[in-house]
There are 2 protein chains.
Amino acid sequence: MSPRGQAARAAAQPVQQPVRRPTVQDVAREAGVSPSTVSRALHTRGYASPAVRARVQAAAERIGYVTDHNARNLRSRTSTSIGVLISDLRNPFYADLAAGIEEELRAAEYQMVLVNDNGDPAEEMQAAETLLAMRVPGVIVTPVTAKCPQVLQDNGVHVVCADREFGRATSDLVLSDNKAGARELTEHLIALGHTRIGMLIDETKWSTGAGRLAGFRAAHVDNALEIDEDLIAYTSFDADAARQTTRRLLNDHEVTAIISANNVLAQGALAELKDRRLKIPRQISLAAYDDVPWMSLVQPALTTVDQSTVEMGRSCARLLLARIRGELPPRRRLVKVPARLIVRGSTGPAPR
Amino acid sequence: MSPRGQAARAAAQPVQQPVRRPTVQDVAREAGVSPSTVSRALHTRGYASPAVRARVQAAAERIGYVTDHNARNLRSRTSTSIGVLISDLRNPFYADLAAGIEEELRAAEYQMVLVNDNGDPAEEMQAAETLLAMRVPGVIVTPVTAKCPQVLQDNGVHVVCADREFGRATSDLVLSDNKAGARELTEHLIALGHTRIGMLIDETKWSTGAGRLAGFRAAHVDNALEIDEDLIAYTSFDADAARQTTRRLLNDHEVTAIISANNVLAQGALAELKDRRLKIPRQISLAAYDDVPWMSLVQPALTTVDQSTVEMGRSCARLLLARIRGELPPRRRLVKVPARLIVRGSTGPAPR
DNA sequence: CTGTTAGCGCATTCAA
DNA sequence: TTGAATGCGCTAACAG
């Protein structure tokens with residue numbers, strides 16, 4: 001790679017890369033003890049006399065010693081890096097999730113290795129392999145396929161699936177109570193007299209979409225309202241698609257309210273309603289699952305379901321760390337994060 | 001470590017932690033070559049015959065070998081983990097920046113270790129130490145203090161400062177062209193006839209705020225407009241504070257337009273204007289530096305300066321990687337990312 | 001082009 | 001309680 005000609009040149013020039021960092025050896029010399037004593041004094045608890053420990057710590061501080069995680073990880077077969085695998089950091093849902101995770105990990109002196117998989121199975125597997133290579137003890141993932149958590153678990157990595165689930169997964173789970181949240185939201189509209197409510201939804205393969213749709217249905221059943229299946233408007237993942245779908249929904253059917261299954265789709269729906277100059281909520285009500293900041297900035301502010309995304313992230317991290325520390329019984333744990341209805345100005349009585 | 005007794009138990013019980021992962025030794029045995037040949041065949045280029053290389057790769061694939069980054073990093077004194085140190089992942093500016101960085105790093109097969117420092121100097125230093133422990137070859141940071149990049153560099157870590165600069169920093173830099181952007185935005189308002197423009201700003205210690213304020217001033221000077229210093233409204237970092245400051249600004253002074261120095265402050269300003277039921281832009285114009293998605297969702301959509309945040313992130317990563325690979329001359333490099341004015345509905349002719 | 005040897009920095013035996 | 005010895009998994013020297 002770099003034969004000595006190159007190394008020599010590097011040494012001659014003002015290159016700062018090969019700064020020799022102090023090792024336990026250096027600290028040992030400085031403190032007048034053995035390397036193993038340094039190791040114990042610095043990390044393990046109870047195997048060094050207070051005096052020695054203080055002396056070692058002082059010496060370490062003095063010469064600017066910083067543990068080498070690579071060496072520590074290699075030797076002790078543990079790592080404090082946690083993989084976090086999400087679909088799109090630019091979506092505030094994932095950003096909030098990651099923020100919650102990071103907060104909790106940092107408090108426990110763990111690090112977050114964040115990877116975007118763009119919702120692509122291939123990139124997701126790629127990322128999983130990278131995390132295997134890093135020998136992370138655990139991964140938090142919003143899975144795209146069941147294969148990814150599976151492969152990780154097969155290799156002894158603890159996995160927490162966040163936000164969504166696949167039928168046969170065996171990993172720990174942290175989910176929003178999608179069904180309850182969507183049901184509450186739908187009932188709020190029904191209580192306002194709406195009987196023809198459009199449901200804008202992108203997928204129902206995952207528990208996320210499936211749960212929200214189930215809640216939508218349940219609210220209808222509970223209120224003895226028949227569902228016009230045509231009002232369930234399946235769309236794609238992006239806001240533009242949602243806008244087209246909303247357009248079609250409005251053209252082809254009479255609805256007095258629309259529920260968007262997530263924050264991205266809501267953008268498209270809102271754009272279409274505004275474009276048509278429909279008065280919200282006088283002419284049509286709009287509500288969304290997954291509250292994000294812009295929803296309270298628009299006029300009227302949107303009625304939403306807040307799924308406490310940051311807290312969801314914290315839960316993921318807490319659960320994973322507990323699992324890593326062996327504090328949990330073997331069987332998988334499911335954490336349901338409550339969803340909370342927030343009524344704002346975008347929903348009102350049904351017209352006529 | 002895990003003698004066969006334990007391994008046997010592991011196989012019997014549903015414990016997945018002590019999974020013995022294959023090593024180069026195992027691959028070597030499988031392929032009938034030596035460990036070092038495996039290493040060369042798998043990673044280095046040119047030092048293995050095609051036949052052997054193929055055989056080794058097949059063997060590795062077969063037994064599910066995945067390189068141990070810790071061991072590789074320890075031995076070769078290189079790492080593909082990059083530290084990214086930001087203030088608040090929930091702020092879309094930082095999320096976009098991180099997304100751009102991650103995208104570019106991932107393409108180059110590097111990993112992103114993301115740490116939130118909450119804008120707190122102590123947490124920032126804590127994070128720096130963690131990254132030193134991880135032996136990352138480089139860090140991208142939106143610095144809170146000059147000390148953090150300094151310490152990292154002193155330890156041989158390459159640093160790219162993103163978004164802001166401190167006077168004496170010696171690290172590479174990627175900045176928005178704050179002055180030009182703010183000037184253009186201000187001139188846009190002046191061209192619309194505004195002469196009393198409020199400037200809502202949180203800090204001017206960093207190049208960010210300083211540059212934007214300088215652009216604001218420059219636009220006035222260019223147009224022979226005197227600045228009423230009272231219209232420069234200094235506020236704190238959060239939206240609530242910005243709202244209070246906007247309230248005071250409106251109470252105490254007559255302004256026909258307000259410029260917010262960033263996306264967070266804009267929330268506060270907008271909230272106050274709406275609360276007062278001021279018609280935008282008929283009664284007052286509002287514009288903001290740092291375009292984020294909600295600004296095109298509100299009505300009227302906000303006139304903004306887009307600082308291409310994702311691209312800024314990509315630039316940071318590209319610059320850092322080039323530096324790490326030694327492709328750059330020793331002297332620090334400054335990358336200015338152009339800022340682009342986006343005129344939307346929130347700015348209009350000055351009243352009267 | 002390939003194998004042998006050695007050691008990165010550390011934590012963990014074990015013996016003292 | 002401490003020190004000496006060992007090796008985690010890998011890759012860089014060197015020799016062949």
Side-chain angles (χ1 to χ4, degrees), chain A residues 1-8 10 18-29 31-56 60 63-80 132-135 137 155-156, chain B residues 1-3 6 18-29 31-56 60 63-80 132-135 137 155:
Chain A
M1 263 284 84
S2 78
R4 76 180 51 96
Q6 200 172 332
V19 172
R20 235 263 306 171
R21 314 266 262 275
T23 72
V24 277
Q25 296 271 3
D26 300 316
V27 179
R29 201 174 311 120
V33 294
S34 75
S36 40
T37 299
V38 170
S39 174
R40 281 185 303 243
L42 254 30
H43 311 295
T44 331
R45 47 164 75 257
Y47 274 80
S49 68
V52 168
R53 174 157 303 178
R55 190 146 48 88
V56 169
I63 67 176
Y65 170 79
V66 179
T67 309
D68 185 327
H69 276 192
N70 292 311
R72 171 163 71 49
N73 294 348
L74 178 60
R75 174 61 236 237
S76 62
R77 300 148 166 296
T78 63
S79 164
T80 53
L132 285 177
M134 296 180 78
R135 300 299 192 259
N155 283 281
Chain B
M1 261 294 79
S2 82
Q6 198 172 334
V19 172
R20 234 264 306 173
R21 314 267 261 275
T23 73
V24 277
Q25 296 272 4
D26 300 317
V27 179
R29 199 174 312 117
V33 293
S34 77
S36 45
T37 298
V38 170
S39 173
R40 282 185 302 244
L42 255 29
H43 310 295
T44 331
R45 47 165 75 258
Y47 274 79
S49 69
V52 167
R53 174 155 305 178
R55 191 147 46 89
V56 169
I63 67 176
Y65 171 78
V66 179
T67 310
D68 185 327
H69 277 192
N70 292 311
R72 170 165 70 50
N73 295 347
L74 178 59
R75 175 62 237 235
S76 62
R77 301 150 167 295
T78 62
S79 164
T80 53
L132 285 177
M134 295 181 79
R135 301 298 192 259
N155 285 85

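Here is the naming used below: chain letters follow the sequence lines, and residue numbers restart at 1 for every chain. What you see is a predicted model, and the numbers here were worked out from it, not measured in a lab.
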Reckon [X] touches a base, only the sugar-phosphate, or nothing at all at heavy-atom distances under 4.0 Å?
| X | value |
| --- | --- |
| Ser49(A) | sugar-phosphate |
| Ser36(A) | base |
| Val38(A) | nothing |

Task: Distance below 4.0 Å between Ser39(A) side-chain N/O and dA11(C) OP1 or OP2 - done: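 Indeed, a polar side-chain atom of Ser39(A) lies that close.
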TODO: State which residues pass side-chain hydrogen bond (donor to acceptor under 3.5 Å, both in side chains) with Ser79(A); sequence neighbours excluded, sorted by chain then number.
DONE: none
Open item on the list: According to side-chain hydrogen bond (donor to acceptor under 3.5 Å, both in side chains), who are the partners of Arg72(B), at least two apart in sequence or on a separate chain?
Closed with: His69(B)
When the distance from [atom1] of [X] to [atom2] of [N] is rounded to whole Å, what number comes out?
| X | N | atom1 | atom2 | result |
| --- | --- | --- | --- | --- |
| Arg40(A) | dT12(C) | CZ | P | 11 Å |
| Leu132(B) | dG9(C) | CG | P | 15 Å |
| His43(A) | dA11(C) | NE2 | C1' | 9 Å |
| Met134(A) | dC10(D) | CE | P | 15 Å |
| Asn73(A) | dG7(D) | CG | C1' | 16 Å |
| Asn70(B) | dG9(D) | CG | P | 11 Å |
| Asp26(B) | dC10(D) | CG | C1' | 13 Å |
| Arg21(A) | dC10(C) | CZ | P | 11 Å |

Open item on the list: Quick check on the helix from dC1(C)-dG16(D) to dA16(C)-dT1(D): what's the angle between its two end axes, five base pairs per end, to the nearest 10°?
Closed with: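 One end axis against the other gives 30°.
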Task: Straight-line distance of Asn73(A) CG to Thr80(A) OG1, nearest 0.5 Å - done: 6.0 Å
Checking contacts here: which listed nucleotide ([options]) is nearest the side-chain heavy atoms of [X]?
| X | options | result |
| --- | --- | --- |
| Tyr47(A) | dT1(D), dG7(D), dT11(D) | dT1(D) |
| Ser34(B) | dA11(C), dG9(D), dG3(C) | dG3(C) |
| Arg75(B) | dG3(C), dT2(D), dA6(C) | dA6(C) |
| Leu74(A) | dG3(D), dG9(D), dA11(C) | dG9(D) |

Open item on the list: Which heavy atom of Ala48(B) sits nearest to which heavy atom of Ala41(B), and what is that distance?
Closed with: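 Answer, listing the atom of Ala48(B) first, then Ala41(B): CB-CA, 4.1 Å.
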Task: With Thr23(B) via side chain to side chain contact (heavy atoms under 4.5 Å, CB included) - residues at least two apart - done: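 Applying side chain to side chain contact (heavy atoms under 4.5 Å, CB included) to Thr23(B) gives Arg20(B), Gln25(B), Asp26(B).
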Task: Qualifying residues under side chain to side chain contact (heavy atoms under 4.5 Å, CB included), relative to Arg40(B), sequence neighbours excluded - done: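 With sequence neighbours excluded, Arg40(B) shows a side chain to side chain contact (heavy atoms under 4.5 Å, CB included) to Ser36(B), Thr37(B), Thr44(B), Tyr47(B), given in chain and number order.
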Task: Upstream residue (5' side of DNA chain C) when Pro35(A) and Val52(B) are each assigned their closest nucleotide - done: Val52(B)
Open item on the list: If you assign Arg53(B) and Thr67(A) each to the DNA chain C nucleotide with the nearest heavy atom, which residue ends up on the more 5' nucleotide?
Closed with: Arg53(B)
Task: Test log, rule side chain to side chain contact (heavy atoms under 4.5 Å, CB included), inputs Val52(A) and Val56(A) - done: CA-CA 6 Å; Val52(A) 168; Val56(A) 169; 4.0 Å; yes
Task: Any residue meeting salt bridge (charged side-chain N to carboxylate O under 4.0 Å, His left out) with Arg135(B), in chain and number order, not counting sequence neighbours - done: Asp68(A)
TODO: Assess whether one donor atom and one acceptor atom, taken from the side chain of Arg77(A) and the base of dG9(D), lie less than 3.5 Å apart.
DONE: no
